[in-house]
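Numbers here are sequence positions counted from 1.
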Amino acid sequence: MSAFKIESCFGADINVGYFNVGEILDIMGIKSQVMSSKRIKSLIGMHGRNDRIVGIAMRQIALDVLRIPLDEAFLPYDPYFDDGKLLNSRRERLYDAQERFLILCMSLVVGRSVRSLKKLHPGLSTKELRAKHPRGQSLFRYFRQELNEHTREQVLSYKARMNNNMEGADGEAKLTEEMAAEQKARAALLKKTPKDTRFIPTHFDDEVATGLKIFQDGHALLVAQVELFKHGKQLDVAELKKFCRRLIDSHTRNNFAVMALRHIKDADRYLEQHAIGMAVLGIHFAKAMKLDNAYVEVISLGALLFDLGRFRLPAAMVTKTTKMTDSEFDLFRKHIQFGEQILHKCDGVPKAVYQMLLDHHEKIDGSGYPAGKQDQEISVYGKMAAIIDAYDAITSEQSHKPSIGPIKASQKLEKEAGLAFDKELLTVFLRSIGKVPVGSCVALSNGRVGFVLTLNKAFQPNLVRQVYSMTNKSFIEVADIELNKSANLKSDVIIEGEVDPQKFGLQFINHIS
């Protein structure tokens, strides 16, 4: 494989009218290198040459090919450079080649033709790009981050589509040769790398104890953030990101513990707890889609913040126990506008967070608000936010309505597939929480009532916390039981059905820890 030379771009015609990845790679002379990669061949074999994910992968691999020249020093920016005049010196020709190369990279990253870029940005300049190397910054890393930002929604859609199609005749996913090799390499790396104690799996009760402290800290953090924006100050985005990483670490150690803690809601502190609950669900959802850590962090931050505008509503409206009037609902809708105003004052807020905020009440059929967007007009992040917002709300005890329970909540969301919620994304989410999710109140074949604490690898209930005896019609000493484990009882205990916990005076939040 020959090394790419920036000089090869000298005099190249880059002013193409339409964005075409193959054409850009041809201009740079690296098309054959990109197309011969195993990853591209595998994706073309799976989806065909014209699938969007193939074009995205080509752009990613092209940057990998160009990594070395991108991280080398460029000539200083020359505001008087004119590529229309005769370029006699070697320095002028090199500058011309670098200018065309950098603009082609910009086109590759943002997915627009050079002509379109120049039309959108009349003062298009390579000044900032040329200044990165002297500052010790990586131009390759910058371009790669920009590419990730511009293609994130398409990647999310692709992963959702793949997750939806993963179940074959035997219910197993078939990994491509490259995926298998990547997993093998990661496993080898893990053997050589000392374990980070943050990610060592923990017992449910141990992680609940840790998680309770994280949730308490999160509540205090959100209360402090509300005070900041009420006084016209910026949110502490760095601290909010740090909190999200603590939640992610906890979820990694024992996802069932934080998914159970999400159910703890106090009517007086509902908004803060709702925000933390959605952050947990956002983490779970993003991991279910097998997204990279960077995506998980962004989605968890967005889930934590997209309802922040509700803190600007009158307290009486938040705690109201009766149905809102039309005028109250009109005011309620403005929480999106309030949230946007809060975020606009902050630095370092990812674009995806805005998308979750602006789109979380939009519906696939166009009946949502504030813009009445339909299906493809709604960002993938907004579609995800709509699902976790609805699920957390209807499985929470609120001042104006009780929880309907995780099982009924799942069924309710499923009925809205294709109407309020994206079908593919909802399928991934519901499969990840199981048909009998954590927190479900169930009747067991041994005559007891309990709450589901954990699921097995098939997303079926595994550990159940028994708290009530239907035979004796009384509370019992808490006892956890693993289902379908003959060692526990003479015969296997199974779930006979869902029960309404209120019928027995039970609340999951009283039996988590």
Donor-acceptor check, side chain of [X] to backbone of [Y], threshold 3.5 angstrom: yes or no?
X    : Y    : answer
T151 : L147 : yes
Y354 : L343 : yes
S113 : F19  : no
Q145 : Y142 : no
T325 : E328 : yes
K290 : K159 : no
T454 : L463 : yes
E362 : D359 : no
T126 : L129 : no
D422 : L425 : yes

(request) For S250 and E207, test the side chains for any donor-to-acceptor distance below 3.5 angstrom and give the result as yes or no. (result)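 S250 vs E207: donor-acceptor pair found between side chains.
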
(message) Can you see whether Q273 engages R262 through a side-chain donor-acceptor pair at a distance of less than 3.5 angstrom?
(response)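 R262 and Q273 do not have a side-chain donor-acceptor pair below 3.5 Å.
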
(request) Just do the side-chain hydrogen bond (donor to acceptor under 3.5 Å, both in side chains) check on S138 and D71 with the steps written out, would you? (result) CA-CA 6 Å; S138 168; D71 280 342; 3.0 Å; yes

Taking all heavy atoms of [X] and all of [Y], pick out the closest pair and write down the distance.
X    : Y    : value
H263 : I512 : CB-CD1, 4.5 Å
F243 : G218 : CE1-CA, 3.3 Å
F421 : A386 : CE2-O, 3.5 Å
I283 : L247 : CD1-CB, 3.6 Å

(request) Apply side chain to side chain donor-acceptor pair (under 3.5 Å) to Q355 and list each qualifying residue two or more places apart in sequence or on a separate chain. (result)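 Once residues adjacent in sequence are excluded, the partners of Q355 under the side chain to side chain donor-acceptor pair (under 3.5 Å) criterion are E153.
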
(request) Can you sort out the partners of D365 under side chain to side chain donor-acceptor pair (under 3.5 Å), two or more places apart, ordered by chain and number? (result)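 In terms of side chain to side chain donor-acceptor pair (under 3.5 Å), with neighbours along the sequence ignored, D365 is linked to S367.
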
Is the shortest heavy-atom distance from the side chain of [X] to the side chain of [Y] under 4.5 Å?
X    : Y    : result
E416 : L419 : yes
D217 : R246 : yes
I364 : K383 : yes
S440 : P406 : yes

(request) Among N255, N293, T252, find the one that has a side chain to side chain donor-acceptor pair (under 3.5 Å) with K287. (result)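 It is T252, the one option of N255, N293, T252 that forms the side chain to side chain donor-acceptor pair (under 3.5 Å) with K287.
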
(request) Take atom CG of D330 as the centre, draw a 6.0 Å sphere, and report whether it contains more than 12 heavy atoms from other residues, nucleotides or ligands. (result)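 Yes, CG of D330 has more than 12 neighbouring heavy atoms, counting only those of other groups under 6.0 Å.
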
(request) Flag yes if more than 12 heavy atoms outside R112 fall under 6.0 Å of its CZ atom; otherwise flag no. (result)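 Not more than 12 within 6.0 Å, no.
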
(message) Run the salt bridge (Lys or Arg N to Asp or Glu O under 4.0 Å) test against R59 and tell me which residues pass, sequence neighbours left out.
(response)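 Residues passing salt bridge (Lys or Arg N to Asp or Glu O under 4.0 Å) with R59: none at all.
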
To the nearest 0.5 Å, how far apart are [atom1] in [X] and [atom2] in [Y]?
X    : Y    : atom1 : atom2 : result
I404 : K412 : CD1   : NZ    : 6.0 Å
K435 : E498 : NZ    : CD    : 13.5 Å
R39  : I44  : CZ    : CD1   : 12.0 Å

(message) As a quick check of understanding, evaluate side-chain hydrogen bond (donor to acceptor under 3.5 Å, both in side chains) for R52 and S157, giving each step before the final call.
(response) CA-CA 10 Å; R52 280 193 305 182; S157 294; 4.9 Å; no

(request) Show the numbers, then the answer: is there a salt bridge (charged side-chain N to carboxylate O under 4.0 Å, His left out) between D249 and R253? (result) CA-CA 6 Å; D249 292 349; R253 290 189 296 267; 5.1 Å; no

(message) Under 4.0 Å between a side-chain nitrogen and a carboxylate oxygen: does that hold for K265 and D392?
(response)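 Yes, charged N to carboxylate O under 4.0 Å.
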
(request) Using a strict cut-off of less than 4.0 Å between a Lys/Arg side-chain nitrogen and an Asp/Glu carboxylate oxygen, indicate whether K408 and D500 qualify as a salt bridge. (result)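 No.
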
List, one per line, each side-chain donor-acceptor pair under 3.5 Å for residues 228-241, sequence neighbours excluded.
unit_1: H231; atom_1: ND1; unit_2: E227; atom_2: O; d: 2.7
unit_1: Q234; atom_1: NE2; unit_2: K345; atom_2: O; d: 3.0
unit_1: D236; atom_1: OD1; unit_2: E239; atom_2: N; d: 3.2
unit_1: E239; atom_1: OE2; unit_2: K242; atom_2: NZ; d: 3.1
unit_1: K241; atom_1: NZ; unit_2: G348; atom_2: O; d: 3.3

(request) Please identify each residue that fulfils ring-ring contact (aromatic ring centres under 6.0 Å, His included) with F215, with sequence neighbours left out. (result)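 By the ring-ring contact (aromatic ring centres under 6.0 Å, His included) rule, F215 matches no residue at all.
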
(message) Determine whether N462 and K457 satisfy the following criterion, side-chain hydrogen bond (donor to acceptor under 3.5 Å, both in side chains), listing intermediate values before the conclusion.
(response) CA-CA 9 Å; N462 180 29; K457 291 181 180 179; over 6 Å; no

(request) Please check if the distance between the ring centroids of H284 and F429 is under 6.0 Å. (result)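 So the answer is no for these two rings.
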
(message) When you measure from the centre of the six-membered ring of F338, is the NZ or CZ of R312 closer than 6.0 Å and no more than 45° off the axis?
(response)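 Judged by the rule, R312 and F338 form a cation-pi pair.
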
Do any side-chain atoms of residues 297-309 form donor-acceptor pairs under 3.5 angstrom with protein atoms, and if so which ones, sequence neighbours left out?
unit_1: S300; atom_1: OG; unit_2: V296; atom_2: O; d: 3.2
unit_1: S300; atom_1: OG; unit_2: E297; atom_2: O; d: 2.8
unit_1: D307; atom_1: OD1; unit_2: H335; atom_2: NE2; d: 3.3
unit_1: D307; atom_1: OD1; unit_2: H360; atom_2: NE2; d: 3.2
unit_1: D307; atom_1: OD2; unit_2: H274; atom_2: NE2; d: 3.4
unit_1: D307; atom_1: OD2; unit_2: R310; atom_2: NH1; d: 3.4

